[in-house]
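Have a look at the structure below before the remarks.
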Protein chains: 2
Amino acid sequence: MANSSAGESVASRIVRLLETFTTERTVQTVSEIARRSGLPRTTAHRLVAELAASGLLERDAAGRVRLGLRLWELAGRGSHALRLRQIALPHMERVQARVGEHTQLAVLERGEALFLERLSSPTAGANITRIAGRLPLHASSSGLVLLANADEEVREATLAGPLTGLAQGTTTDAGRLRVQLARIRTHGYVVAPGSVEAVSTGVAVPVRDGRGRVVAALSVVLPRDAPTSGALDELRRAAAAIARDFGVQPG
Amino acid sequence: MANSSAGESVASRIVRLLETFTTERTVQTVSEIARRSGLPRTTAHRLVAELAASGLLERDAAGRVRLGLRLWELAGRGSHALRLRQIALPHMERVQARVGEHTQLAVLERGEALFLERLSSPTAGANITRIAGRLPLHASSSGLVLLANADEEVREATLAGPLTGLAQGTTTDAGRLRVQLARIRTHGYVVAPGSVEAVSTGVAVPVRDGRGRVVAALSVVLPRDAPTSGALDELRRAAAAIARDFGVQPG
């Protein structure tokens, strides 16, 4: 019987367990995992043992637990996200080289913008916190592009709020947001100054697949008062190239 | 009770189910999953439903199943592999830009070289088949570097064979391989012509973390008779830069 007496599936318990790992917390003891996941200690011990035997978790010499490479391998090799990211990467590199600022690829996942990739210049230093990170749809430039092109159901759910402000530039009024989304659909891009952080401006465009469906948002993060037209040109060129490559490649 | 009557853990069944997805097979029906995983149909149906409810799998309009973005997100955000890959990426981009050939990052995972990243020039076209793909340690240039620097136990297990040849240049004799590994440790690199494919030569160097431990191999794949010294210089420079960045960045 796969379900516990509490009616929660083992799959759901495994997800709760995996969710305790974050970019800042890559190694934990089993006790920490139990406490943070809310799972009974014995359940946590047994699941960790099972997942470690399958390679989805790994233990270090001190018995502490981290995510296994096998999990990354399984998640990556059959993923359509990987295909999108792989098609986009050379074009993102060109944007990054020419604009010289953080260049990002995001998709809509369960009501948020999930970042699949983020390139930064070597001098800017690596920034791992944002890959596989999320931002609200109404705040980030990527999120706004995704929201503008989302199914009506998803759009209305977001417009119904709450529309929390992340910075002074976040649109938190549903009526104004609705107008902004219509404008994004008409113009095919967004420039969002200070909507996530006061010091920066996001510029984003939609990325379409071979059939013209919006599958992602491509964005750059510029200093707040930097000119945006050069970056926008590069983003549009890259998005067009990605759509072309999508059409050509099998899959 | 988490274990089935057959004594196999649910975690292990979930792994069998996830393993049926590959780079070439990203969408399957539940029946296909059941057949390929060897799980009973009812078990496959129940596990797919549980995993889909947790977001680890997704269903399309036709009810077919694919890996969920949530799985990728969970696997990626807490992974030390992501951190390594993220530190290495800007330096890999520089190698790729200067050498102009496929540039790869691999780690040792359960007796094989697992490729975390592969960059190709925009003109070469994306090659998704190899990311999250594996190659034998004794055949690929990356694998040879990893094997040369592996724990004695791992090295002896590989040397015990079988040492299958992938191409004419693969070293399949344990004695010769042992000499080759010692040479790689001494010189700090390998040039492996025709060991994976007759038409190409792999060049690889070890990548060390801040404490000097070999954590990965960085490689380029050149046309068989291309000069290798320029690529080797670039690889060494990149590996040194990655080790420096490892030392600087928090853990």
Side-chain angles (χ1 to χ4, degrees), chain A residues 1-2 4 9-12 14-15 18-19 21-23 25-26 43 46-47 50-51 53-56 66-67 69-83 86-87 89-91 93-94 97 107 109-110 114 116 119-122 125-128 131-134 245 249 251, chain B residues 1-2 4 9-12 14-15 18-19 21-23 25-26 43 46-47 50-51 53-56 66-67 69-83 86-87 89-91 93-94 97 107 109-110 114 116 119-122 125-128 131-134 245 249 251:
Chain A
M1 201 171 78
S4 76
S9 75
V10 175
S12 148
I14 289 175
V15 169
L18 296 178
E19 277 174 340
F21 292 87
T22 67
T23 318
R25 197 165 62 213
T26 59
T43 305
R46 194 194 61 234
L47 281 181
E50 289 181 12
L51 293 168
S54 305
L56 300 194
R66 58 186 193 180
L67 297 185
L69 274 171
R70 187 94 183 99
L71 177 64
W72 174 86
E73 180 185 10
L74 289 174
R77 69 176 184 186
S79 167
H80 57 288
L82 178 65
R83 178 166 175 262
Q86 201 60 9
I87 290 175
L89 188 60
H91 306 292
E93 284 171 11
R94 208 176 296 132
V107 294
E109 217 288 304
R110 302 193 163 202
L114 173 66
L116 296 186
L119 301 182
S120 304
S121 76
N127 181 337
I128 65 166
I131 292 185
R134 289 168 174 262
D245 287 357
Q249 296 194 10
Chain B
M1 200 172 77
S4 76
S9 75
V10 174
S12 146
I14 289 175
V15 169
L18 295 178
E19 278 174 340
F21 291 87
T22 67
T23 318
R25 197 165 61 213
T26 59
T43 306
R46 195 194 62 234
L47 281 180
E50 289 181 14
L51 292 168
S54 304
L56 300 194
R66 57 187 194 179
L67 296 184
L69 275 171
R70 186 94 183 98
L71 177 64
W72 175 86
E73 180 185 9
L74 289 173
R77 69 177 184 187
S79 168
H80 55 287
L82 179 66
R83 179 166 175 262
Q86 201 60 11
I87 290 175
L89 189 59
H91 305 292
E93 284 171 10
R94 208 176 296 133
V107 294
E109 217 287 305
R110 301 194 163 202
L114 173 66
L116 296 185
L119 301 181
S120 304
S121 74
N127 181 338
I128 64 166
I131 292 184
R134 289 167 173 262
D245 287 357
Q249 297 195 9

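Because the structure is predicted, anything quoted here is derived from the model rather than measured. We name chains A, B, ... by the order of the sequence lines, and we start the count at 1 in each one.
When heavy atoms are compared at a cutoff of 4.5 Å, A/Ala53 approaches chain B solely by way of its backbone atoms N, CA, C and O. Using a 4.5 Å cut-off between heavy atoms, A/Leu56 touches chain B through its side chain atoms alone.
Atom CD of B/Glu73 sits about 6.0 Å away from atom CD of A/Glu109, to the nearest 0.5 Å.
Using a 4.5 Å cut-off on side-chain heavy atoms (C-beta onward), A/Leu71 and B/Leu71 make contact. At least one side-chain heavy atom of B/Arg70 sits less than 4.5 Å from a side-chain heavy atom of A/Glu19.
For the pair B/Ser54 and A/Ser12, the tightest heavy-atom approach, listed with the atom from each and the gap, is OG-CA, 3.6 Å. Looking at every heavy atom in both residues, B/Glu50 comes nearest to A/Val10 through OE1-N, 3.9 Å.
Under the side chain to side chain contact (heavy atoms under 4.5 Å, CB included) rule, A/Leu74 has a single partner from B/Leu67, B/Leu18, B/Ile14, which is B/Leu18.
For the options A/Val15, A/Leu51, A/Val107, A/Leu69, heavy-atom pairs under 4.5 Å to chain B are most numerous at A/Leu69.
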